[in-house]
Undergrad: 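Below you will find the structure I want to go over with you.
Bear in mind that the values here come from a model prediction, so they are computed numbers and not experimental data. Position 1 is the first residue of the sequence; numbering continues from there.
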Amino acid sequence: MSGNPAVVMRLVASAYSVAEKAGAIVRKVLHSGELGIVEKTGANDLQTLADRLAQQSICASLSKRFPKLTIIGEEDLPAEEIKEDLIENGQAEEILLKTCPAEYSGLKEEELVVWVDPLDGTKEYTEGLLDNVTVLIGIAYGGRAIAGVINQPFYNYQLGAGAELGRTMWGMLGLGAFGFQLREVPGERRVVTTTRSHSNKQVTDCVDAMEPDEVIRVGGAGNKIIQLVEGKASAYVFASPGCKKWDTCAPEAILHAVGGKLTDMRGNAYCYDANVKHMNSAGVLATLRNHQYYVSRVPQSVLQALKSD
């Protein structure tokens, strides 16, 4: 390792190891059979023991190494002593060896905001739709998502016993994205991915307006962005409030690092400052290519129904 890596590179390297630890926690809770499910605002808004332990692990591990960071996690948890076995001190060596983009090389800890979704796709997790589940750690500076880590705890689970479970991908603006093979939907096909459990007329009308050849309904914002970068979908369309900043920060950074785009339904960027409201009130529209086409297709009735963020 040459010299002293920039703060942001050390943070991404830590976030990578921390996300892997959180993924292992998520698997362990599932295999224990004791999910510890509580409803937050209703049957579609759940929290499990895995959400709680993974968030404790992520936040405590990052705070320990970067005490001046602002960390915003999805789960509203009481302040308590975190068990030592939840702390992850590792850092991904291959990330530390990369050269930090010049514009981020002088950033200080206190200028960075980390958005954490310890278990994205909780409802799917409780129903056994394990490929929908991700751990999301997004890093923002100056209101922009600049780096992100996504762990898929159950990647390969369909291969059955003996398969090595889980993978971690990461990306950073100016550096690219790693841990997956970038692909596009073949030909001129338009494949839209959208919500599985939070649909309504507005969402459906908007999806129809895109004139898709195919519509995929799956859980998890992180999972939908993975579909975009792996060539399974051309656009992620969610014309409704419901998504939060911790759902989109990490995926947005990875998507933008490979030339894609994530905005609200009007095509405006979301801000990830520490003091912004958490809800993405004006919906989410994400694409790998041709973003403007999808923005132009959003019906006026949908735009009127959505508040500006």
Undergrad: Is there a side-chain contact between Pro251 and Ile150, using heavy atoms and a 4.5 Å cut-off?
TA: yes

Undergrad: Whether the side chain of Arg190 engages the backbone of Ser234 through a donor-acceptor N/O pair (distance < 3.5 Å, no angle test) should be reported.
TA: no

Undergrad: Hey, does the side chain of Asp273 reach the backbone of Asn275 with a donor-acceptor pair shorter than 3.5 angstrom?
TA: no

Undergrad: Decide salt bridge (Lys or Arg N to Asp or Glu O under 4.0 Å) for Lys68 and Glu111; before the verdict, give the C-alpha distance in whole Å, the side-chain angles of both, and the deciding distance to 0.1 Å.
TA: CA-CA 9 Å; Lys68 295 176 186 165; Glu111 296 179 292; over 6 Å; no

Undergrad: Check the angle between the aromatic planes of Tyr157 and Phe154 and answer parallel, tilted or perpendicular using the 30° and 60° thresholds.
TA: perpendicular

Undergrad: I'd like to know if the side chain of Thr248 pairs up with that of Lys244 as donor and acceptor (distance under 3.5 Å, no hydrogens or angles considered).
TA: no

Undergrad: Which distance, rounded to the nearest 0.5 Å, do you find between the CG of Leu112 and the CG of Leu62?
TA: 11.5 Å

Undergrad: Taking the basic N atoms (NZ, or NE/NH1/NH2) and the acidic carboxylate oxygens, is any pair closer than 4.0 Å for Arg167 and Glu230?
TA: yes

Undergrad: Taking the side chain from Asp120 and the backbone from Gly222, do they hold a donor-acceptor pair closer than 3.5 Å?
TA: yes

Undergrad: Please confirm whether the backbone N or O of Gly36 pairs with a side-chain atom of Thr48, one donor and one acceptor, at under 3.5 Å?
TA: no

Undergrad: Can you tell me how far CG of Leu69 sits from NZ of Lys108, rounded to the nearest 0.5 angstrom?
TA: 14.0 Å

Undergrad: Check for me, please, whether Leu136 and Leu129 land in the same ILVMFWY cluster - side-chain distances under 4.5 Å, paths through other members count.
TA: no

Undergrad: Could you tell me whether the side chains of Asn151 and Thr168 share a donor-acceptor contact shorter than 3.5 Å?
TA: yes

Undergrad: What heavy-atom pair brings Ser240 and Leu306 nearest, and what distance separates the two atoms?
TA: CA-CD2, 3.8 Å

Undergrad: Looking only at atom types and distance, does a side-chain atom of Ser57 sit under 3.5 Å from a main-chain N or O of Leu86, one as donor and one as acceptor?
TA: yes

Undergrad: If you look at every heavy atom in Leu96 and Met9, which pair is closest and at what distance?
TA: CD2-O, 4.2 Å

Undergrad: Treat each ILVMFWY residue as a node, draw an edge where side-chain heavy atoms are under 4.5 Å apart, and state whether Val185 and Val258 are in one component.
TA: no

Undergrad: Do the side chains of Tyr104 and Ile146 get nearer than 4.5 Å, heavy atoms only?
TA: yes

Undergrad: Does Val7 share a hydrophobic cluster with Trp170, counting links as ILVMFWY side-chain heavy atoms below 4.5 Å and allowing steps through other members?
TA: yes

Undergrad: Using 4.0 Å as the upper bound for N to carboxylate O, is an ion pair formed by Arg52 and Glu75?
TA: no

Undergrad: Any sub-3.5 Å donor-acceptor pair from Asp205's side-chain atoms to Gln202's backbone N or O?
TA: no

Undergrad: Strictly distance-based, threshold 3.5 Å: is any side-chain N or O of Ser32 a donor or acceptor partner for the main-chain N or O of Val29?
TA: yes

Undergrad: Which heavy atom of Ala235 sits nearest a heavy atom of Thr287, and at what distance?
TA: CB-CG2, 3.8 Å

Undergrad: Working to the nearest 0.5 angstrom, can you tell me the gap between Ile139 CD1 and Cys249 SG?
TA: 8.0 Å

Undergrad: Starting at CG of Asn268, measure out to OG1 of Thr263 and round the result to the nearest 0.5 Å.
TA: 7.0 Å

Undergrad: Could you check whether Lys98 pairs with Glu94 (Lys NZ or Arg NE/NH1/NH2 to Asp/Glu carboxylate O, under 4.0 Å)?
TA: no

Undergrad: Using side chain to side chain contact (heavy atoms under 4.5 Å, CB included) as the criterion, point out the one residue from Ile58, Ile72, Leu11 that pairs with Val114.
TA: Leu11

Undergrad: Between Asp264 (side chain) and Ala282 (backbone), is there a donor-acceptor pair under 3.5 Å?
TA: no

Undergrad: Could you grab the distance from atom CG of Asp76 to atom CD of Gln55, nearest 0.5 Å is fine?
TA: 8.5 Å

Undergrad: Is Glu88 salt-bridged to Lys64, going by a charged N under 4.0 Å from an acidic O?
TA: no

Undergrad: Is it possible for you to say whether Ile225 and Val203 belong to one hydrophobic cluster, with membership spreading through side-chain heavy-atom contacts below 4.5 Å?
TA: yes

Undergrad: Is there a chain of hydrophobic side chains (I, L, V, M, F, W, Y, each step under 4.5 Å between heavy atoms) that links Leu165 to Ile25?
TA: yes

Undergrad: If you compare all heavy atoms of Ile216 against all heavy atoms of Val218, which two are closest, and at what distance to 0.1 Å?
TA: CG2-CG1, 3.7 Å

Undergrad: Using modelled atom types only, decide if a donor and an acceptor are shared between the side chain of Tyr125 and the backbone of Leu30 within a distance under 3.5 Å.
TA: yes

Undergrad: Under 3.5 Å, side chain of Arg65 to main-chain N/O of Ser14, donor-acceptor pair present?
TA: no

Undergrad: Let me see the working for Leu288 and Leu182 under side-chain contact (heavy atoms from CB on, under 4.5 Å), right down to the final yes or no.
TA: CA-CA 10 Å; Leu288 188 57; Leu182 182 65; 4.2 Å; yes

Undergrad: Less than 4.0 Å between a side-chain N and a carboxylate O, is that true for Arg297 and Glu211?
TA: yes

Undergrad: Assess, by modelled atom type and distance only, whether the side chains of Gln152 and Thr134 contain a donor and an acceptor separated by less than 3.5 Å.
TA: no

Undergrad: Measure the acute angle between the ring planes of Tyr272 and Trp115, then classify it against the limits of 30° and 60° as parallel, tilted or perpendicular.
TA: perpendicular

Undergrad: Quick one about Gln91 and Ser17 (side-chain donor to acceptor, distance below 3.5 Å, no hydrogens or angles considered), yes or no?
TA: no

